[in-house]
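Before any comments, here is the structure.
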Amino acid sequence: LRAELHQLVDQCAAAAGVTANRLLTVGPVVDEILSQAERLDASLLVFGSRGAGFLRSLLPGTTASKLVRQARQPVLIVRTPARADYR
């Protein structure tokens, strides 16, 4: 699993032309994301939403909705690849 995670992160970072960190933790998803965001002093959380649709991902109880409510940083929820750079 760790090797697959490293490969996926490396591929995504190379495609986007950015540097990415890899981290595998165990625990409640939202708590772990927020804890690491604080530790890294993240200025933005980018969260992928797939499957059910953007609005459905924001329903109470979903990981995305919990992140939006609890994060100190702005949260960008991405459903499809961007057609142009974000401003």
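Just so it is clear, the structure is predicted and the values come from calculations on it, not from any experiment. Any value given below was found using the heavy atoms of this structure, including those in side chains, with hydrogens, waters and symmetry copies removed.
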Is any side-chain heavy atom of Glu32 closer than 4.5 Å to one of Val26? no
Between Leu8 and Val46, is there a shared hydrophobic cluster once you connect ILVMFWY residues whose side-chain heavy atoms come closer than 4.5 Å? no
Could you tell me which non-hydrogen atom of Ser43 sits nearest to which non-hydrogen atom of Pro74, and how far apart they are? O-CD, 3.2 Å
Where do Ser65 and Thr62 come nearest, in terms of heavy atoms and distance? OG-O, 2.9 Å
Would you mind reporting whether Glu38 and Arg72 have side-chain heavy atoms less than 4.5 Å apart? yes
So, taking the atom named CD in Gln36 and the one named CG in Leu23, what distance separates them when rounded to the nearest 0.5 Å? 4.5 Å
Measure the spacing between CG of Leu45 and CD of Gln73 and express it to the nearest 0.5 Å. 4.5 Å
Between CD on residue Gln7 and CZ on residue Arg2, distance to nearest 0.5 Å: 15.0 Å
Would you check if Val68 and Ile77 make a side-chain contact, meaning some heavy-atom pair closer than 4.5 Å? yes
Taking the side chain as every heavy atom from C-beta outward, state whether Leu67 and Leu34 have any atom pair closer than 4.5 Å. yes
Between Gln11 and His6, is any pair of side-chain heavy atoms under 4.5 Å apart? no
Hydrophobic cluster (4.5 angstrom, side-chain heavy atoms) - remaining members for Leu24: Leu5, Val9
